[in-house]
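A quick write-up on the structure given underneath.
All of these numbers come straight from a predicted model, not from anything done at the bench.
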Amino acid sequence: MSPPVIENLVWTAVALAVVGVYLSWTAGRLDRLHSRMDAARAALDAQLVRRASVVLEVATSGVLDPASSLVLYEAAHAARQAEEEHREVAESELSQALRAVFADVAQVDELKAAPGGAEATEELAEAVRRVPMARRFHNDSVRAARALRRHRKVRWFRLAGHAPFPLAFEMDDEPPADLAERPV
């Protein structure tokens, strides 16, 4: 073999090695984004379950009027029992029920005045405030993973493997104004 042929082979091998390292780094980055997204989803699920549990406690405490208790109980129960494809709607309905029940400042004050109500109000307010944050973290990680998965190199070399395309969790998570913004 002549020296120019060997030199071309060496440069080709170096170029392939650099491309291989770059693709490996990109695949590792995508894997870390998927792991971050899974962790954020688990945190979101935990916050949604916590919110529904606190709402169920408040609804069954006997402090609220029967109609409000029934509305909150049914919405929280539906949110906890919802299948994955209907969960966003059920969680949105729970948010709407919370806003409807606690739209009146007097309802929040009545809950706080009951025995153990201050603790229940504080726990409910905390659970209601954490859901939007957890959803934002999850959706941010989904957005980052989607952005990387849209690159041609990821699609052409199938760097995402068989992982499903990430989906954001879209729900109405606006908390009741008097419950979330007032000091408890």
Side-chain angles (χ1 to χ4, degrees), residues 33-147 149 160 162-184:
L33 284 172
H34 280 160
S35 295
R36 189 176 102 193
M37 186 178 56
D38 291 342
R41 180 58 189 240
L44 174 62
D45 286 340
Q47 292 305 321
L48 291 172
V49 167
R50 182 172 183 266
R51 179 180 75 158
S53 297
V54 172
V55 170
L56 283 172
E57 285 180 28
V58 169
T60 58
S61 68
V63 174
L64 302 174
D65 62 274
S68 297
S69 292
L70 186 62
V71 166
L72 286 180
Y73 180 83
E74 287 180 355
H77 183 70
R80 287 188 70 180
Q81 301 298 320
E83 294 179 16
E84 194 60 36
E85 60 268 7
H86 302 293
R87 187 150 186 214
E88 292 172 348
V89 172
E91 294 293 346
S92 294
E93 289 172 354
L94 177 55
S95 295
Q96 293 165 1
L98 282 166
R99 281 196 309 272
V101 169
F102 294 110
D104 186 16
V105 178
Q107 191 80 295
V108 176
D109 292 337
E110 185 179 319
L111 178 61
K112 285 176 68 174
E119 294 84 17
T121 305
E122 184 176 331
E123 191 175 357
L124 181 59
E126 186 177 318
V128 163
R129 282 190 298 255
R130 286 184 175 194
V131 168
M133 288 187 294
R135 189 176 76 84
R136 201 170 313 122
F137 287 136
H138 174 265
N139 288 350
D140 286 346
S141 62
V142 165
R143 199 171 6 267
R146 281 180 171 181
R149 286 184 67 156
H162 296 290
F165 194 73
L167 298 174
F169 194 86
E170 297 301 333
M171 64 173 269
D172 174 6
D173 61 2
E174 183 181 334
D178 291 320
L179 186 62
E181 296 173 3
R182 292 180 53 189
V184 278

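Between Arg135 and Glu170, at least one side-chain N (NZ, or NE/NH1/NH2) sits under 4.0 Å from a carboxylate O, which counts as a salt bridge. Looking at Asp45 and Arg41, a side-chain N of the basic residue comes within less than 4.0 Å of a carboxylate O on the acidic one, giving a salt bridge.
Atom NE2 of His77 is separated from atom OG1 of Thr60 by 13.0 Å, given to the nearest 0.5 angstrom.
Shown here for Met171 and Ser95, the closest heavy-atom pair between the two residues is CE-OG, 3.8 Å. Here the shortest heavy-atom pairing between Phe169 and Arg87 reads CZ-CG, 4.1 Å. Across all non-hydrogen atoms, the minimal contact from Phe102 to Pro176 is CB-CB, 4.0 Å.
In terms of the side-chain contact (heavy atoms from CB on, under 4.5 Å) criterion, residue partners of Arg80 (sequence neighbours excluded) are, by chain and number, Ala52, Ser53, Leu56. Qualifying side-chain contact (heavy atoms from CB on, under 4.5 Å) partners for Val142, counting only residues two or more places apart in sequence or in other chains: Met37, His138, Arg146, Pro166, Ala168. Checked against salt bridge (charged side-chain N to carboxylate O under 4.0 Å, His left out), Asp172 has the following partners two or more places apart in sequence or in another chain: Arg99.
Two residues are said to be in side-chain contact when any heavy atoms from C-beta on lie closer than 4.5 Å; Val63 and Val58 fail this criterion. Gln47 is not listed as a side-chain neighbour of Met133, based on a closest heavy-atom distance of 4.5 Å or more.
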Evaluation steps, side chain to side chain contact (heavy atoms under 4.5 Å, CB included), between Arg130 and Arg51: CA-CA 9 Å; Arg130 286 184 175 194; Arg51 179 180 75 158; over 6 Å; no

